[in-house]
Amino acid sequence: MQCRTPKRKENKENTVKQRLLLYKIFMTLYHQQSFLWTTFVMVESVTASSLGGLALALVRSNLIKESDAARLLAQSSTSKTSFAETLVSAQIISASELAKLASDTFSVPLFDLDAYDEAQAPQAIDKSLAQQHAIIPLCQRGNRLIVAAADPADRRGLDAIRFQSGMTLDAVVVEVDKLVNLVDKLSEDAKSMLNRSDAGEMEGDDLDSALANEELEERSDIVSLDADVEDAPIVRFLQKILLDAISEGASDIHFEPYEKFYRIRFRVDGALKEVTNPPLNIKEKLASRIKVISRLDISEKRLPQDGRTKLAVTKTRIIDFRVSTLPTLYGEKIVMRILDSSTTTMGIEILGYTEEQKNTLTDAIRRPYGMVLTTGPTGSGKTVSLYSCLNLLNSPGTNISTVEDPAEINLPGINQVNVDEKTGLTFASALRSFLRQDPDVIMVGEIRDLETAEIAVRAAQTGHMVLSSLHTNDAPQTVVRLVDMGIPVFNIASSILLISAQRLVRRLCPDCREPVDMPHDALLSAGFTEKDLAEKWTLYGPKGCMKCKGKGYKGRIGIYQVMPISDNIRHLILNHATVMDIAKQASADGVKTLRESGILKIKQGVTSLEEVLSSTNI
């Protein structure tokens, strides 16, 4: 053990030096991110020569004649090798001298690959693309990627890497011989891994992915993203965006054009994050491609449109996308909502209800007739809550029918209907049909208008259990919302059994959450009581680790306000009581507000104070 100590210490020191060097390079590039291209444009603008970049720099340094530089450029193009590699092979200049010249000419940091551990290379670009352009990733910081290149003026290679990775690139100069050796080594590693895998050793999902398009291509409602179209790069780019969003667990994809840039963002765990800035000139082609696969009118750019599409990820896994377009000042903004029922976890127990709330809810839905409503903003998990209730009621002896726009979760044993406004299949018309289908339980995806509300209330009053959702801020406001829609108060009081308001907050990562200090007065103003603060519990906040990808949060959980309609609340409804009166009575009945439910999750260490404050009001 003693003889290995110096070597371990040396390795540790090398690792520290390597990280410090990468950090210095990153900070230098952060402050000089546009210097490379500015310098390159200046060099080209002051000469009438057809040469540019590294070739022109060599000619101006009197290291090579202009005719020889042109000849070597043509030779490198014919042999499909980089110009830098051709120069070194022809012994015009050594690899170290060439790297120093490129670094000085383009003001790009010089990096020694001998101090780099290839095992730390981020998997941000395809190895085949790295081999083709002799550019490899070294380090990633957020949406910025540091890459090693022998020729930092190779715009074609860097643009290809930038487009494929969707990141902002910062280049450092390395010696071409070391770069080629490292690229070959990484390629050999990839080939050896591929050779060790045969068809029998492939994962089931990989086999499914290979067969998915072949077996599902006859289905007209599923669009293949690999279709043979003219704009193949756009198709491949869109496919990568969709698959990346699915793999990250995103709920929405935002395609946003602006005057001078184009932005794509994912909503992951309720928070939007920017993932890439593709070239602005692809916005029209990208919008057209999305419209084509969503069966929208590609010629209509002045009015909003709504559509749907499906993507077969594997033979047994099909992802639905709900597509919405919106004309803006600089083009069409498109939002694609991902409806992946395979990732939906059913079960009242794991959604975040307290034991008391769960018992109250299950008692209400097991009644023979009446109405149970869930309420909250878009993306608050209302559909999952409704389907968790349906899952409890689903049995061979129960006839359950649902009407949605569209059906987001596939649950065997339930008759599901999709709204289609173009053919006249609305919520109201579907509900009328349900009442002639001998139903026991009816689920309406959303009550949007008076006609739908009236039919749903009538069904609840005539021996059916009706589950539905509305968009309101909390449970007491739902009553006033129904009155505003035109439902008589006596119908509301006689039909509704329970209203459940909900929000989704991000879960703290259990592996890296850390205790935080908060002033006593700040906690009181947030809604904590003196009794809460007298109890023994720990306030946690986010930190960030590898498991949560540095976000400090991992997944989401619901906070709920479950308000049964008691006799006292019914009397208030019949007397046209205000929201404040109903809320006051609900509190007296023991109903926790959304803020109080959130505070309970904070005390349990499940989420942070910031999450609850951003999702609820006192």
Side-chain angles (χ1 to χ4, degrees), residues 141-143 248-252 254 265-275 343-345 347-358 374-382 384-385 473-475 500-562 591-618:
R141 293 291 185 273
N143 198 40
E248 289 195 29
S251 60
D252 301 270
H254 293 244
R265 296 190 290 175
F266 293 167
R267 186 177 293 278
V268 182
D269 289 338
L272 277 172
K273 71 168 188 175
E274 185 174 312
V275 292
T343 62
T344 303
T345 306
I348 293 289
E349 308 80 23
I350 60 175
L351 294 182
Y353 290 96
T354 65
E355 191 67 23
E356 182 182 358
Q357 290 173 338
K358 182 185 71 173
T374 63
T375 182
T378 300
S380 60
K382 298 187 298 296
V384 175
S385 296
N473 291 326
D474 59 18
S500 175
Q502 63 184 77
R503 297 289 188 277
L504 288 178
V505 295
R506 290 184 292 175
R507 286 178 180 266
L508 285 169
C509 175
D511 296 295
C512 66
R513 65 177 187 176
E514 59 181 3
V516 296
D517 293 326
M518 189 69 64
H520 185 87
D521 293 341
L523 292 175
L524 288 175
S525 63
F528 287 86
T529 64
E530 291 288 355
K531 182 180 177 181
D532 291 329
L533 300 181
E535 297 173 357
K536 188 176 181 181
W537 53 276
T538 304
L539 179 66
Y540 289 99
K543 181 180 180 182
C545 65
M546 293 294 292
K547 291 187 177 180
C548 63
K549 300 180 180 179
K551 296 183 292 186
Y553 296 96
K554 193 174 182 181
R556 290 192 289 176
I557 191 170
I559 55 176
Y560 302 90
Q561 180 187 27
V562 179
V591 176
K592 292 184 180 297
T593 65
L594 288 169
R595 174 61 62 87
E596 289 170 342
S597 295
I599 287 175
L600 182 59
K601 293 291 188 294
I602 293 172
K603 292 167 63 177
Q604 294 170 347
V606 176
T607 190
S608 66
L609 178 61
E610 292 79 11
E611 278 294 295
V612 174
L613 292 179
S614 65
S615 303
T616 62
N617 288 332
I618 295 181

Checking R513 side chain against G605 main chain: does a donor-acceptor pair fall under 3.5 Å? yes
Minimal non-hydrogen separation, N473 against R503, with atom names: O-NH2, 2.8 Å
Pairwise distance CD(E596) to CG(D532) - rounded to 0.5 angstrom: 9.0 Å
Short side-chain to backbone donor-acceptor contact, K382 and G376, under 3.5 Å: yes
For L523 and L539, what are the C-alpha separation, side-chain angles and deciding distance, and is it a side chain to side chain contact (heavy atoms under 4.5 Å, CB included)? CA-CA 10 Å; L523 292 175; L539 179 66; 4.2 Å; yes
Between S615 and E611, which heavy-atom pair has the shortest distance, and what is it? OG-O, 3.0 Å
Take atom NZ in K543; do more than 12 heavy atoms of anything else shown fall under 6.0 Å from it? no
Show the nearest heavy-atom pair for residues V562 and S500, with the distance to one decimal. CG2-OG, 3.9 Å
Find the distance between NZ (K601) and CD1 (I557) and round it off to the nearest 0.5 Å. 5.0 Å
Can a donor-acceptor pair be found, under 3.5 Å and without considering hydrogens, that links the side chain of R556 to the backbone of S380? no
Minimum heavy-atom separation for C548 and G552, please, with both atom names. SG-N, 3.2 Å
For the pair L508 and Y553, evaluate side chain to side chain contact (heavy atoms under 4.5 Å, CB included) and give the outcome as yes or no after the intermediate values. CA-CA 4 Å; L508 285 169; Y553 296 96; 3.7 Å; yes
Any sub-3.5 Å donor-acceptor pair from Q502's side-chain atoms to T374's backbone N or O? no
Donor-acceptor pair, distance only, cut-off 3.5 Å: does the side chain of T607 make one with the backbone of R506? yes
Look up atom CE in M518 and atom OG in S525, then write down how far apart they are to the nearest 0.5 Å. 9.0 Å
Kindly compute the distance separating NZ (K547) from CG (D511), expressed to the nearest 0.5 Å. 4.0 Å
Atom CD of E356: over 12 foreign heavy atoms under 6.0 Å: no
Rounded to the nearest 0.5 Å, what's the gap from SG on C512 to NZ on K551? Could you check? 11.0 Å
Of the non-hydrogen atoms in A526 and L609, which two are nearest, and what is the gap between them? CB-CD1, 4.0 Å
For the pair L524 and L533, evaluate side chain to side chain contact (heavy atoms under 4.5 Å, CB included) and give the outcome as yes or no after the intermediate values. CA-CA 9 Å; L524 288 175; L533 300 181; 3.7 Å; yes
Side-chain (S597) to main-chain (Y560) donor-acceptor, under 3.5 angstrom: yes
How long is the gap from CD1 on I599 to CG on L613, to the nearest 0.5 Å? 8.5 Å
P515 versus Y540, closest heavy-atom pair with distance: N-CD2, 3.7 Å
If only atom types and distance count, is the side chain of E248 paired as donor or acceptor with the main-chain N or O of V268 below 3.5 Å? no
